[in-house]
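Quick caveat, the model's predicted, so the values are computed rather than measured.
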There are 2 protein chains.
Amino acid sequence: MPSEAQALARLDLDRFMPYRLSVLSNRVSGAIARHYSERFGLSIPEWRVMAVLGDTPGLSARDVAIRTAMDKVQVSRAVASLMRARRVARAEDAKDGRITRLSLTRQGTAIYHEIVPLALHLEDLLLSALGADERRTFDRLMDKLARQARLLMPPA
Amino acid sequence: MPSEAQALARLDLDRFMPYRLSVLSNRVSGAIARHYSERFGLSIPEWRVMAVLGDTPGLSARDVAIRTAMDKVQVSRAVASLMRARRVARAEDAKDGRITRLSLTRQGTAIYHEIVPLALHLEDLLLSALGADERRTFDRLMDKLARQARLLMPPA
DNA sequence: CCCAAATAGTTTCATATGAAACTATTTGCC
DNA sequence: GGCAAATAGTTTCATATGAAACTATTTGGG
């Protein structure tokens, strides 16, 4: 005879994908952060700002916020401390007085070019657990999941 | 004629796997957190503690810390506030006076059984971007990456 | 052209967090 | 058996963080 009681749902954390993503992400970001924080005293938000400015100089703070998925307060604070350390410089926008254009200083650029290979190396270390085919597959599946999350799980 | 200058490494954030993992993980965890925080006033660390206790009652705080990848301070604080809210109870260990055995109260269990289906539903919503084969593949690749990260990128 | 609403960015304040110091108990070795 | 080292958990303190209020500038409709 079939049981009448509906089995109560349980959660096996080790198989729960949001949890696995979080643990993996924290480990990897933490490993990278350990390097640049020890070597240059950079916080995670600071490095994120430097990363986008190294790739695309002249962005406004708002642009940086969008590209890094940070909020504008975090960006404002990271920029303030990066300017104090003379790693980022600010210029007024010709047309819009509310905006400032941000870029790495010479010193900031030097740091950027020292961190990037390290970051790429650690990424490669992680991905070396996968074969070439598997890497391409993982890349594709991550894109699908990111699109789905963007669609269904808006921030804030 | 071949260029002599070695191109300086650049970082394309949109293709950088640690960054993509972080954005995806934050979006998904944030979406789940929004629900249980609005509905029950639970913080992320609090929910994590409840999640492992719901699955395995009788763990010590240290066990909880290991299983959730949280540190012992976070666990201590989450447990303290969960006990205030009568969602978690504590019992002395028969053999070791330093240890306390944690479990969900009846009230905590009720909340657990309400959140779990929601969490599983959101996981499913995310994974519905993938076909059945793709899901299995993603699962396997995540396991490989997690193992690699555990090996090469120890916490702290 | 003027003023209300929108936008960029900063500051303030209350809370969250992490590292280090601390208490209590147990373990292990002489 | 007794004491130094290890372990479980809490508290303290200094810093990080986020939400909301604030300033300055620009935009757009009447």
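Scanning residues 40-73 of chain A for heavy-atom distances under 4.0 Å to DNA chain D yields A:Val73.
Under a 4.0 Å N-O distance rule, the pair B:Asp71/B:Arg77 does not qualify as a salt bridge.
Under 4.0 angstrom from either OP1 or OP2 of D:dT10 there lies at least one side-chain N or O belonging to B:Ser76. When the side-chain nitrogen and oxygen atoms of A:Thr100 are compared with OP1 and OP2 of C:dA8, none of them lie within a distance under 4.0 Å.
Atom NZ of A:Lys95 and atom C1' of D:dA24 are 21 Å apart (whole Å). When rounded to the nearest whole Å, the span between CG of A:Leu102 and C1' of C:dG9 equals 11 Å. As a whole-Å value, the separation of B:Arg90 CZ from C:dA24 P is 15 Å.
Although no hydrogens or angles enter the test, the distance criterion places a donor-acceptor pair under 3.5 Å between the side chain of B:Asn26 and the main chain of B:Ser22. At least one donor-acceptor pair under 3.5 Å links the side chain of A:Thr105 to the backbone N or O of A:Arg86.
There is a side-chain donor-acceptor pair under 3.5 Å between A:Gln148 and B:Ser128. In this model, no donor atom of one side chain and acceptor atom of the other lie less than 3.5 Å apart for A:Arg98 and A:Ser60. In this model, no donor atom of one side chain and acceptor atom of the other lie less than 3.5 Å apart for B:Arg87 and B:Thr109.
In terms of hydrophobic clustering, with Ile, Leu, Val, Met, Phe, Trp and Tyr side chains grouped at heavy-atom distances under 4.5 Å, A:Val73 and A:Leu53 are assigned to different clusters.
The nucleotide whose nearest atom lies closest to any side-chain atom of A:Arg77 is, among D:dG18, C:dG18, D:dT10, D:dG18. When distances run from any side-chain atom of A:Ile99 to the nucleotides D:dT10, C:dA8, C:dT12, the shortest one goes to C:dA8.
For the helix from C:dC1-D:dG30 to C:dC30-D:dG1, the angle separating the two terminal helix axes comes to 20°, with each axis derived from five pairs and the value rounded to 10°.
Other residues, nucleotides and ligands place no more than 12 heavy atoms under 6.0 Å from the NE2 atom of A:His121.
Among residue pairs with one or both ends in residues 35-50 of chain A, those qualifying as salt bridge (Lys or Arg N to Asp or Glu O under 4.0 Å) are A:Arg39-A:Glu114; sequence neighbours excluded.
Residue-to-nucleotide proximity on DNA chain D shows that, of A:Arg98 and A:Gln74, the 5′-proximal contact is made by A:Gln74.
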